[in-house]
Amino acid sequence: MPSGEYDPDTAEPRWQRRWVDEETYAYPDDPVDPNTAFSIDTPPPTVSGNLHWGHVYGSILQDIVARFHRMYDSEVLYPFGYDDNGIASERLTERELDVRHQEFERREFQQHCRDVCLEYEENFTEKMQGVGLSIDWNNTYRTISPEVQRVSQLSFIDLYEQGREYRQEAPAIWCPDCETAISQVETEDDERDSHFHDIEFGVAGASADADDAFTISTTRPELLPACVAVFVHPDDDANQDLVGETAEIPLFGHEVPILADDRVDMETGSGIVMCCTFGDQTDIEWYQAHDLDLRIAIDASGHMTDVADGYAGLHAATGAREVIVDDLDDVGALLDRRAIEHTVNVHERCGTGIEFLVTEQWYIEVLDRTDEYLEAGRGMEWFPDKMFTRYEHWVEGLQWDWLISRQRSSGIPFPVWYCADCDHEIVAEKSALPVDPLSDDPPVDACPECGHAEFVPEDDVLDTWATSSLTPLINAGWDWDENAGEFTMDRPEVYPMDVRPQGHDIISFWLFHTVIKCYEHTGEVPFESTMINGMVLDENREKMSKSKGNVVDPDRVLAEYPVDAARYWAAGSAIGDDLPYQEKGLRAGEKLIRKLWNASKLVESLASEPYPEAPADGLHEIDRWLLGELDREIDTLTDRLANREFSKARDGLRSFFWNTFCDDYLEIAKQRDDPSAAYTLRTAHRRFLKLFAPVLAHVTEELWQDMYADIAGTGDAVGADAGSDAAGDSIHLAGWPEPLGLDADTDAGVAAMAVVGALRRYKSENQLPLTAELDAVEVYADVGSFEADITGVMHVDDLTVHPDAEAPVETVITGIDLEYATVGPKYGDRVGDIESAIAADDYETDGEELHVAGVTLGPEEFSIEEDGQYAGEGKLLDDDVVVIVRNAVEA
RNA sequence: GGGCUCGUGGUCUAGCUGGUUAUGACGCGGCCUUUACAAGGCUGAGGUCGGCGGUUCGAACCCGCCCGAGCCCA
């Protein structure tokens, strides 16, 4: 029985432990009806450090969805994963153990990664449980685990067999310091001091009348030996005569074509730009679009190659650049040199400026099916709708197939070997997966192509997105059945999954890649819906970042506030919108928790039986009214939760509970002691607990256990919801309330509450205690059989109700309200005249019609605005529902 | 540089396909010891809806430009 104050510091950890220990949220092992199973593709956080507030925020939104559907549908699969096969986890491991990955054989280093990550993962688990997430901790996965490696390699082989993967020599982003290819997400922009150099290029064989030289501005003169073309914008009239000529590179002397391309930025430097293989992304595009030569001037370690003639062996950035600039100056080709600050693409790990190196890489073909992938995206329901646009633009703007190979030493290996003689690709047997070609033998003794018996293992590993894009299949238990010769699922009922929750920053990565991979493997869109949450900002609506020092530490917040308060705050967001962290939002949550606790105490003291029976002679009208209003709130709330309208759901329920239930109904119920009130108090209270349960997971559980769990569990409960309450011993396993559908006189209820409100205001304004007696009150409205309730709660000695009588008030016409929805379109620009005539009192009403400004409006087109004036004894409180009070106490 | 999104009282927000007086919460002022809660109740003040222009009888809402913020892609 709830007494005293609620103590979240002990209650919240207690329930969190119980939920885990008793496996409250376990998904059943037995097959589940696909119609009631609800599945969530939980985002697996990257194991690279500690959880931040953004994780907490996103997780709470997922959990609200999970808890709602667990009550509303039935079985919910809410799994959890740890993404620990990426470079971030390798770095964490190197940092923790103070080692370098190169010191180990691949499997050995992977083992170290697994050990280190395990510690962090335990910490993640603890944190997630501390937020009260209803995750099924029996269903967790690690992306570095053998099971997931098997899924990932199966995926590679399936796509390979479908002909959707190919190997090609192509430029890749390369870190010359770490000596590895990296993906674009591993790079970041950095402001660097640099120099802009104006360099004079010659025009080879220039005719006498043409210019024989032009200027190029560059920050990277050391790339001159790698120059393979010069570009001019097609709209650049001043330099158009150069197009078609041949340029001569200063110092190095080789000749390259001068071409036109609209990717040239005419605003930068001279508007003429050199294309080197490779200085930046655009160079790669030009190289491919114009089929240019390849001149590699910088090697894998960042030093100049033989292409750079006498500069070979010098380090490009720290040696060759200055020497080349000096030499250009000596031959008079350096026209100008000025200091600038510009943005450089660097490797986020070491800060080294990235290069582009041509290497052999594996790709998944995507460009040929963008139409299908667009259609697949349309096949999902998007919360919010507007986020689909990002997916759409990403797919429409795709320029490259998906590069999935990485030259890292840890990660999931490609299950591939090559014939040492003819380079024929040999793929592992599906039944043998997972394999590591570096330590496992290929499935054949001799090359099926040429018979050669020696093989070279592929030592690349898969892009981490190539694995994390399989989470729906991992969750569904996708595998290859060797005997049946087909792919199977342990839990086919969860696929496609009901919802993919994630941030909008990775729509183009995680979501897109998951959709296309699962689509190719199963022919189905992997999600019924996707829920895209916004970012968490700081109190000033700015992005949280370590450098700004405005990062919110989850531990600190949760030490100070109940988790339920944090959950209340998170539920205050419109899905897809960014949400600023606000302490006042958490404090408002605390207040609601306290209100719910105190109201529960009152309910218990007013109605001692947890499940009282409904009175045989029926419910009082006010009780039917309250339960009827609650029905409507349930309908509204259910729709809002189903549409992921968290903020509206939360605020609507809060208002109804606080204003209607606590302020109106409970105040009246306090004055009563009858079976109808007891039944209603308890029925409404149990329903409120359930409706709040998805958001306020802990306090509702505490109250439920205190007040209802014992009897609900025995099956002795009677009355509304008794059947579904008995289903489990946690409120989170109880059934979501269905509307009771009682007949209720809603209009009378609303009128009665208006009377009560008016009387309450009257007392407040006259500085009377709310318990003060009122001598006489007259009401000119139909309040049904609410009279006793009004007199009880407002302490009215003599209440007279005139349901049909004309109120003794004189109505004064104060104006005319136009029905703009009909008047506007009908009279168009004459509306202005009508309005000014009304304002000038220049109109006549004639029964049903209004004559104004030369037109006649029908009864549907206007309404008369009138004020009630009362000259009799007493005071008129409200002229909507006419309430007159005569009271001796009032001065 | 391109795309997408957001901008509503001091703060956070509701406002659906344009239509009377722009919603609620937090904070602020005043009043009320009322047998669940003073961390409560009642009540009041506070907004030219980022700016400018346009469409319209009528714009927070539709269109254009600009400013500020965020994300993604260059």
Side-chain angles (χ1 to χ4, degrees), chain A residues 2-6 184 189 263 265 267-268 280-282 285 343 345 384 386-394 396-399 503-509 532 534-535 537 539-543 568-569 572-574 576-606 645 647-648 650-652 654-655 658-659 662-663 666-667 669-671 757 760-772 793 795 815-835 862-863 865:
Chain A
S3 60
E5 293 207 359
Y6 174 57
Q184 189 167 358
D189 287 344
R263 278 166 280 208
D265 177 6
E267 305 302 315
T268 304
D280 63 21
Q281 199 76 34
T282 317
E285 291 178 32
T343 310
N345 213 216
K386 63 188 178 190
M387 288 296 175
F388 173 69
T389 312
R390 299 206 181 185
Y391 180 95
E392 193 176 26
H393 284 228
W394 169 257
E396 284 172 349
L398 278 171
Q399 304 277 349
H504 56 61
D505 50 336
I506 50 173
I507 289 174
S508 49
F509 292 95
I532 310 292
M535 298 285 161
L537 309 174
E539 306 227 64
N540 302 315
R541 267 198 167 276
E542 287 190 33
K543 192 191 171 187
Y568 176 86
W569 162 80
S573 61
D577 286 358
D578 294 343
L579 183 68
Y581 172 78
Q582 292 275 335
E583 294 229 10
K584 49 187 91 164
L586 284 110
R587 274 188 238 114
E590 278 189 298
K591 287 171 71 169
L592 178 59
I593 293 166
R594 194 174 303 116
K595 191 76 179 176
L596 187 57
W597 182 264
N598 288 324
S600 300
K601 286 201 293 190
L602 180 62
V603 166
E604 181 140 82
S605 71
L606 293 173
E645 296 173 310
S647 174
K648 289 183 193 175
R650 182 195 78 164
D651 293 344
R654 180 194 179 280
S655 298
W658 203 305
N659 302 329
C662 293
D663 292 345
L666 277 183
E667 290 301 330
K670 267 187 200 175
Q671 317 293 329
R760 202 155 46 199
R761 267 192 301 281
Y762 170 80
K763 290 184 176 182
S764 180
E765 281 164 8
N766 289 284
Q767 308 193 6
L768 295 169
L770 284 175
T771 49
V793 68
H795 303 268
I816 301 289
D817 285 333
L818 296 174
E819 284 301 322
Y820 284 97
T822 47
V823 173
K826 187 168 170 185
Y827 295 101
D829 53 10
R830 292 165 71 186
V831 170
D833 297 340
I834 295 172
E835 284 173 331
F862 72 99
S863 58
E865 184 189 304

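All chains are named by letter (A, B, ...) in the order of the sequence lines, taking the proteins before the strands, and each is independently numbered beginning at 1.
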Considering only [options], which nucleotide approaches the side chain of [X] most closely?
{"X": "A:Thr389", "options": "B:rC73, B:rC71, B:rC4", "value": "B:rC4"}
{"X": "A:Cys662", "options": "B:rA14, B:rC6, B:rA36", "value": "B:rA36"}
{"X": "A:Lys595", "options": "B:rG41, B:rC12, B:rC71", "value": "B:rG41"}
{"X": "A:Asp663", "options": "B:rG41, B:rC73, B:rA14", "value": "B:rG41"}

For [N], which nucleotide in any strand shown is its Watson-Crick or wobble partner with both distances under 3.5 Å?
{"N": "B:rC4", "value": "B:rG70"}
{"N": "B:rG40", "value": "B:rC32"}
{"N": "B:rU20", "value": "none"}
{"N": "B:rC62", "value": "B:rG54"}

Nearest-Å distance for atom pair [atom1]/[atom2], residues [X] and [N]:
{"X": "A:Ile593", "N": "B:rG40", "atom1": "CD1", "atom2": "P", "value": "13 Å"}
{"X": "A:Lys386", "N": "B:rC4", "atom1": "NZ", "atom2": "P", "value": "13 Å"}
{"X": "A:Leu537", "N": "B:rU13", "atom1": "CG", "atom2": "P", "value": "9 Å"}
{"X": "A:Ile532", "N": "B:rC72", "atom1": "CD1", "atom2": "C1'", "value": "13 Å"}
{"X": "A:Leu602", "N": "B:rG41", "atom1": "CG", "atom2": "P", "value": "13 Å"}
{"X": "A:Asp280", "N": "B:rG1", "atom1": "CG", "atom2": "P", "value": "17 Å"}
{"X": "A:Tyr6", "N": "B:rA36", "atom1": "OH", "atom2": "C1'", "value": "17 Å"}

Could you work out the separation of [N] and [M] based on their [atom1] atoms and round it to a whole Å?
{"N": "B:rA45", "M": "B:rG30", "atom1": "P", "value": "15 Å"}
{"N": "B:rG47", "M": "B:rG9", "atom1": "C1'", "value": "4 Å"}
{"N": "B:rC61", "M": "B:rG54", "atom1": "P", "value": "14 Å"}
{"N": "B:rU21", "M": "B:rC65", "atom1": "P", "value": "31 Å"}
{"N": "B:rG64", "M": "B:rG2", "atom1": "P", "value": "15 Å"}
{"N": "B:rA25", "M": "B:rA14", "atom1": "P", "value": "15 Å"}
{"N": "B:rG29", "M": "B:rU13", "atom1": "C1'", "value": "23 Å"}
{"N": "B:rG15", "M": "B:rG7", "atom1": "P", "value": "10 Å"}

Taken to the nearest 0.5 Å, the spacing of A:Trp569 CH2 from A:Arg650 CZ works out to 10.5 Å
Might you list the N or O atoms of the protein lying below 3.5 Å from N or O atoms in nucleotides 23-27 of chain B, with each pair's distance?
from	atom 1	to	atom 2	distance (Å)
B:rC26	OP1	A:Lys591	NZ	3.2

Less than 4.5 Å apart, side chain to side chain, heavy atoms only: is that true for A:Trp658 and A:Asp663?
yes
* To do: Check whether any side-chain heavy atom of A:Tyr568 sits under 4.5 Å from a side-chain heavy atom of A:Leu592, and report yes or no.
  =>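 Touching, per the 4.5 Å side-chain cut-off.
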Quick check: any donor-acceptor pair below 3.5 Å linking the side-chain of A:Glu5 to the base of B:rA36?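 There is none.
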Item to complete: For A:Lys648, report the nucleic acid contact type (base, sugar-phosphate, nothing); a contact means any heavy atom under 4.0 Å.
Response: sugar-phosphate
Inset, instruction - Pick base, sugar-phosphate or nothing for A:Glu667, based on heavy-atom distances below 4.0 Å to the nucleic acid. - result: base
Would you sort out whether A:Asp578 and A:His504 count as a side chain to side chain contact (heavy atoms under 4.5 Å, CB included), showing the intermediate values?
CA-CA 10 Å; A:Asp578 294 343; A:His504 56 61; 3.6 Å; yes
